[in-house]
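Please read these numbers as outputs of a predicted model, since none were measured by experiment.
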Amino acid sequence: MNFEQIIPSMPYILQGIWVTLQIILIAGLLGFAIGIILSLFKIGRIPFLRWFADGYTSIFRGTPLVLQLMIIYYASPQLFGVQIEAYTAAILSFGLNSAAYISEIIRAGIQAVDKGQREAAMALGVPYNKMMKDVILPQAMKNILPALMNEFITLTKESAIVTVIGVTDIMRRAYIVGSDKFSFLEPLLFAGLIYYLMVLVLTFAGKWVEGRMRKSD
């Protein structure tokens, strides 16, 4: 192995970190917002909304993420009449896929909250929306934080598949450098080190936030 040959190209590969972070941050927020809505549908009393949320989760968990990504990107002209940009397609596919998993995490967290909390709020005449926003969801968030961090870490690692539609993330840049140098091992190992360090940082950040929330209890 000769890592010296890729030293001049390392800044180019490192620039992919910003692209990767943008995708996982925006997709994570999109997935979290849709996940909350789906979880409320699942525990609600309207059958149609429960079926919709369960069907959504079943489809997005039951098919490969790379397939969802390629359908959104390559089939967008047939589906919507316009070509969705690769960067937008990546955010949409990751956000929609993550929402399916996050909705199950939040649903379990809400159902784990002591029923007495809900009964007390109802006895005091607190409206349903306010009860969920101010009483149930804040307590559920403490329970589901480790699972949410795991989902975010999974999202970070799986983001490497956006390279199949040409998004210039870390992996794509490593591949381009490998093609230029006619040597793929070194740039791919360097990309792997970057992903590993990013996951380590996320893991420590999650533990730090979890520890702070325990102290606040």
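T20 places a side-chain N or O within 3.5 Å of a backbone atom of G16 that can act as its donor or acceptor partner. Side-chain N or O atoms of T156 include none that pairs as donor or acceptor with a backbone N or O of V199 at under 3.5 Å. R173 places a side-chain N or O within donor-acceptor distance of the main-chain N or O of Y12, the cut-off being under 3.5 Å. With S39 contributing its side chain and I36 its backbone, the two residues share a donor-acceptor pair below 3.5 Å.
Scanning both residues, I165 and A89, for their nearest heavy atoms gives CD1-CB, 4.3 Å. Pairing each heavy atom of F32 with each of I106, the nearest pair is CE1-CD1, 4.1 Å. The shortest non-hydrogen separation linking V19 to T168 is CG2-O, 3.7 Å. Between D169 and Y195, the closest heavy-atom pair is OD2-OH, 3.3 Å. Here the closest non-hydrogen pair linking F60 and A100 is CB-CB, 3.7 Å. In terms of heavy-atom proximity, I84 sits nearest to I72 at CD1-O, 4.0 Å.
For L193, the CG atom counts as densely surrounded, since its 6.0 Å shell holds more than 12 non-hydrogen atoms of other residues, nucleotides or ligands. Around OH of Y196, the count of heavy atoms belonging to other residues, nucleotides or ligands within 6.0 Å does not exceed 12. With a 6.0 Å radius and a threshold of 12 heavy atoms from other residues, nucleotides or ligands, Y175 has its OH atom at or below the threshold. For Q15, the CD atom is densely surrounded, since the number of other residues' heavy atoms within 6.0 Å is greater than 12.
T63 and Q68 are linked by a side-chain donor-acceptor pair at a separation below 3.5 angstrom, with hydrogens and angles left out of the test. Side-chain contact check for E151 and T154: no donor-acceptor pair (N or O, by modelled atom type) lies under 3.5 Å.
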Exercise for review: Given side-chain contact (heavy atoms from CB on, under 4.5 Å), test T203 with M149 step by step and report yes or no.
Suggested key: CA-CA 7 Å; T203 303; M149 284 307 300; over 6 Å; no
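Using a 4.5 Å cut-off between side-chain heavy atoms of Ile, Leu, Val, Met, Phe, Trp and Tyr, with links allowed through other members, I24 and L30 fall into different hydrophobic clusters. I26 and I161 fall within a single hydrophobic cluster, where Ile, Leu, Val, Met, Phe, Trp and Tyr are joined by side-chain heavy atoms under 4.5 Å apart, directly or via other members. Tracing side-chain contacts under 4.5 Å through hydrophobic residues (I, L, V, M, F, W, Y), one never reaches L79 starting from L65; they form parts of separate clusters. Both I194 and F3 are part of a single hydrophobic cluster, where members link through side-chain heavy atoms under 4.5 Å apart. There is a path of hydrophobic side-chain contacts, each under 4.5 Å, that joins I6 to L185.
In this structure, CD1 on I7 lies 10.0 Å from CD on Q5, to the nearest 0.5 angstrom. How far CD1 of I110 is from CD1 of I105: 12.0 Å, rounded to the nearest 0.5 Å. In this structure, the separation between CH2 on W51 and CG on L49 is 10.5 Å, given to the nearest 0.5 Å. From I144, atom CD1 reaches atom CD of Q139 across 12.5 Å, with rounding to the nearest 0.5 Å. Interatomic distance, OG of S93 versus CD1 of I23, reported as 8.5 Å (0.5 Å rounding). To the nearest 0.5 Å, the span separating OG1 on T57 from OH on Y101 amounts to 10.0 Å.
Residues Y87 and L92 form no side-chain contact, since every pair of their non-hydrogen atoms from C-beta on lies 4.5 Å or further apart. For the pair Y73/V164, no side-chain contact is recorded, criterion being any heavy-atom separation below 4.5 Å from C-beta on. Between M10 and P187 there is no side-chain heavy-atom pair separated by less than 4.5 Å. Counting only heavy atoms from C-beta outward, the side chains of M198 and L202 never approach each other to under 4.5 Å. Annotation: side chain of F94 is in contact with side chain of L155 (closest heavy-atom distance under 4.5 Å).
Using a cut-off of 4.0 Å between Lys/Arg side-chain N and Asp/Glu carboxylate O, E104 and K42 are scored as salt-bridged.
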